[in-house]
Amino acid sequence: MTVTLRDITAENWRACARLKVADDQQGFVASNAYSLAQSKYEPELIPLGIYDDETMVGFLMYRDEDFGLGKVWAVYRLMVAHEHQGKGYGRTGMELLINRLKAVPGYSAILISFVPENDAARRLYASLGFEDTGEVDDGEIVYRLPL
Ligand SMILES: CC(C)(COP(=O)(O)OP(=O)(O)OC[C@H]1O[C@@H](n2cnc3c(N)ncnc32)[C@H](O)[C@@H]1OP(=O)(O)O)[C@@H](O)C(=O)NCCC(=O)NCCS
């Protein structure tokens with residue numbers, strides 16, 4: 001398994017838009033088509049495909065933010081297509097993103113949020129070192145990884 005993060009381009013955006021989570025996970029994450037549209041009109045958002053060799057198996061999207069307390073990163077989306085879940089792609093994709101963001105100086109943390117029912121996301125982020133901030137944003141629990 002060789003997992004990489006790759007830019008979304010004119011060549012692969014359709015493959016990205018086709019990736020879907022399971023029916024009972026629809027409430028956990030926006031569709032990739034919606035996220036790609038959002039990234040076009042909010043160009044601070046950076047959408048990336050999670051690849052295993054030449055196959056896109058998942059998607060993530062992030063941006064930098066400054067809430068007046070210094071610069072942080074915010075992960076807006078993470079998903080692995082339902083047929084590819086449970087094989088380590090979500091964890092490896094997040095590890096690659098964390099390493100990429102750690103390499104950029106000047107940022108104090110990575111923020112990520114999830115709906116309270118999303119136990120898989122909670123477990124994954126906790127095991128990667130994210131901590132509960134105690135904040136709730138728009139009904140979502142906010143976790144933070146200090147950099
Ligand atoms: C959350 C998600 C990205 C995880 O991706 P994945 O490739 O299936 O996860 P991995 O195989 O890398 O597993 C990583 C960890 O996630 C957790 N996890 C994954 N699936 C789980 C499940 N069905 N139940 C409980 N925990 C689960 C476990 O802690 C797992 O760690 P382990 O390998 O030590 O058991 C994926 O399930 C998904 O796309 N879900 C729907 C969309 C979503 O919820 N996105 C997050 C929005 S904040």
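One-based numbering, in listed order, for ligands and for the atoms of each. This structure is a prediction, so every number in the text was calculated from the model and none was measured.
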### Task
Please confirm whether the backbone N or O of Val142 pairs with a side-chain atom of Thr133, one donor and one acceptor, at under 3.5 Å?
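Answer holds: yes.
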
### Message
Checking the side chain of Thr92 only, and the main-chain atoms of Tyr89 only, is there a donor and an acceptor separated by less than 3.5 Å?
### Response
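No; judged by distance alone, with no hydrogens or angles, the pair does not exist.
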
### Query
Taking C-beta and beyond as the side chain, do Arg91 and Val3 meet within less than 4.5 Å on heavy atoms?
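Heavy-atom side-chain distance check fails, nothing below 4.5 Å.
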
### Query
Is it true that Glu54 and Arg6 make a salt bridge, defined as a side-chain N closer than 4.0 Å to a carboxylate O?
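Yes, charged N to carboxylate O under 4.0 Å.
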
### Message
Classify the ring geometry of Phe114 against Tyr125: parallel below 30°, tilted from 30° to 60°, perpendicular beyond 60°.
### Response
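Aromatic pair Phe114/Tyr125 classed tilted.
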
### Message
I need the single residue from Asn12, Thr2, Thr4 that forms a side chain to side chain donor-acceptor pair (under 3.5 Å) with Tyr51. Which is it?
### Response
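When Asn12, Thr2, Thr4 are each tested with Tyr51, the side chain to side chain donor-acceptor pair (under 3.5 Å) holds only for Asn12.
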
### Near ligand 1, at a heavy-atom separation below 4.0 Å: residues by chain and residue number
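Answer by chain and number: Val21, Gln25, Phe28, Val29, Leu78, Met79, Val80, Gln85, Gly86, Lys87, Gly88, Tyr89, Gly90, Arg91, Ser113, Phe114, Asn118, Ala120, Arg123, Leu124, Tyr125.
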
